[in-house]
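Remarks on the structure that follows.
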Protein chains: 2
Amino acid sequence: MEFKDNIPIYLQIEQYLYRQIALGKMKAGEKIPSVRKLALELTVNVNTVQRALQQMNDQGILYTKRGEGNFVTEDIELLAKTKQTLIDNQLDEFVQNMAKLGVERDSLVTVLEKYLKESEE
Amino acid sequence: MEFKDNIPIYLQIEQYLYRQIALGKMKAGEKIPSVRKLALELTVNVNTVQRALQQMNDQGILYTKRGEGNFVTEDIELLAKTKQTLIDNQLDEFVQNMAKLGVERDSLVTVLEKYLKESEE
DNA sequence: TTAGCTGTATTACATATCTATTACACTCAT
DNA sequence: ATGAGTGTAATAGATATGTAATACAGCTAA
């Protein structure tokens with residue numbers, strides 16, 4: 001996996017895993033790959049993977065069975081809410097960033113439509 | 001100014017200055033505050049400001065008169081193009097991030113409209 | 001019980017970022 | 001010429017991030 005510079009890798013891994021869940025590629029109760037496999041896949045150190053997982057553990061998205069592995073929570077509501085939060089965060093950020101560039105709320109839809117039309121291919 | 005953790009401050013300052021330009025608060029040919037003033041304003045070290053300015057210098061947005069200060073380029077076209085690029089980058093990122101969360105291109109406008117309506121107040 | 005898989009912890013090292021401090025170089029108004 | 005304002009450079013120290021290597025601890029299947 002290619003990581004952006006200037007953003008900690010462990011955060012990018014966390015984001016990656018969150019997206020896997022949002023996309024339904026990791027489902028409730030499922031075991032996720034071991035820290036060592038993930039470290040290999042992502043060409044990153046075990047400790048860095050570990051750090052990402054710890055945070056998701058704290059947030060209840062994953063739970064750990066020591067000696068067995070990490071598993072996606074079985075709390076379906078939490079998963080759904082998490083996905084929605086991820087989407088809402090993107091929307092928040094988008095609206096805020098555009099405002100900081102002088103693009104008003106009212107023109108956002110128009111701007112987006114134009115952009116989508118022009119980048120069709 | 002409040003800075004996000006996890007993103008280098010000098011990048012956030014650079015972004016801040018770009019936005020000032022996009023908003024027209026810093027106009028072509030104008031002198032910008034001295035590195036020491038900016039450092040005070042932003043409660044940050046002079047070196048950190050310096051680092052942000054160097055990059056903008058390299059990109060031609062600013063030019064330096066040693067002993068006098070830093071000035072916004074007089075190249076109006078470049079300024080306009082820069083603003084447009086900033087906006088396009090936000091759109092790019094938004095579309096890509098939403099895709100990574102499973103929100104398709106076709107539904108983006110609808111999702112945005114709904115979001116804007118619901119967050120009115 | 002043992003082998004091989006899990007997660008976890010610790011240590012040491014390298015690099016990037018940021019601060020603080022000091023010094024230097026240039027320009028302009030006086 | 002001098003002083004006050006500019007940008008620039010260099011050093012030292014603190015903290016965060018990431019790697020590498022090693023060791024430990026728990027689970028499961030053979």
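Quantities reported herein were computed from a predicted structural model and do not represent experimental measurements. Convention: sequence-line order gives letters A, B, ...; per-chain numbering from 1. Atom set for the values below is all heavy atoms of this structure, side chains included, hydrogens, waters and symmetry mates excluded.
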Can you check whether A/Arg51 has a side-chain N or O nearer than 4.0 Å to OP1 or OP2 of D/dG18?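 Looking at the OP1 and OP2 atoms of D/dG18, neither is under 4.0 Å from any side-chain N or O of A/Arg51.
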inquiry  = Taking only side-chain N and O atoms of A/Tyr10, does any of them lie within less than 4.0 angstrom of OP1 or OP2 on D/dT17?
reply    =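 Looking at the OP1 and OP2 atoms of D/dT17, one of them is under 4.0 Å from a side-chain N or O of A/Tyr10.
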Interatomic distance where [atom1] belongs to [X] and [atom2] belongs to [N] [whole Å]:
X: A/Met56; N: C/dG7; atom1: CE; atom2: C1'; value: 16 Å
X: B/Leu11; N: C/dT17; atom1: CG; atom2: C1'; value: 10 Å
X: B/Gln50; N: C/dC24; atom1: CD; atom2: C1'; value: 14 Å
X: A/Asn47; N: C/dT6; atom1: CG; atom2: C1'; value: 15 Å
X: A/Asp5; N: D/dT17; atom1: CG; atom2: P; value: 14 Å
X: A/Arg36; N: D/dG26; atom1: CZ; atom2: C1'; value: 12 Å
X: B/Tyr63; N: D/dG7; atom1: OH; atom2: C1'; value: 15 Å
X: B/Ile7; N: D/dT15; atom1: CD1; atom2: P; value: 22 Å

Pairing donors with acceptors under 3.5 angstrom, does anything connect the side chains of [X] and [Y]?
X: A/Asn89; Y: A/Glu93; answer: no
X: A/Tyr10; Y: A/Gln15; answer: no
X: B/Gln84; Y: B/Asp88; answer: yes

field: Helical bend (five base pairs per end, nearest 10°) for the helix from C/dT1-D/dA30 to C/dT30-D/dA1
entry: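 End-to-end axis angle: 10°.
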Candidate nucleotides [options], ranked by approach to the side chain of [X] - the nearest:
X: B/Thr48; options: C/dT19, D/dG18, C/dT8; result: C/dT19
X: B/Thr64; options: D/dT8, C/dT19, C/dG7; result: D/dT8
X: A/Pro8; options: C/dT19, D/dG7, D/dT17; result: D/dT17

Compare all side-chain heavy atoms of A/Ile13 with those of A/Leu17 and state whether any distance is below 4.5 angstrom.
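In short, these two side chains touch, coming nearer than 4.5 Å.
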Whichever of B/Asn45 and B/Ile32 has the more 5' nearest nucleotide on DNA chain D, that residue is B/Ile32
Under 4.0 Å, heavy atoms only, any strand: does B/Asn6 hit a base, just the sugar-phosphate, or nothing? sugar-phosphate
From the list A/Lys83, A/Met26, A/Met56, side chain to side chain contact (heavy atoms under 4.5 Å, CB included) with A/Tyr18 holds only for A/Met56
If you count every heavy atom of other residues, nucleotides or ligands that lies below 6.0 Å from B/Ile76 atom CD1, does the total exceed 12? no
Test B/Leu91 against A/Met98 for side chain to side chain contact (heavy atoms under 4.5 Å, CB included), laying out the working first.
CA-CA 9 Å; B/Leu91 286 160; A/Met98 292 296 269; 4.2 Å; yes
For nucleotides 27-30 of chain C, give me every protein contact, N/O to N/O, under 3.5 Å, one pair per line with atom names.
residue, atom, partner, partner atom, Å
C/dC28, OP1, B/Glu68, OE2, 3.0

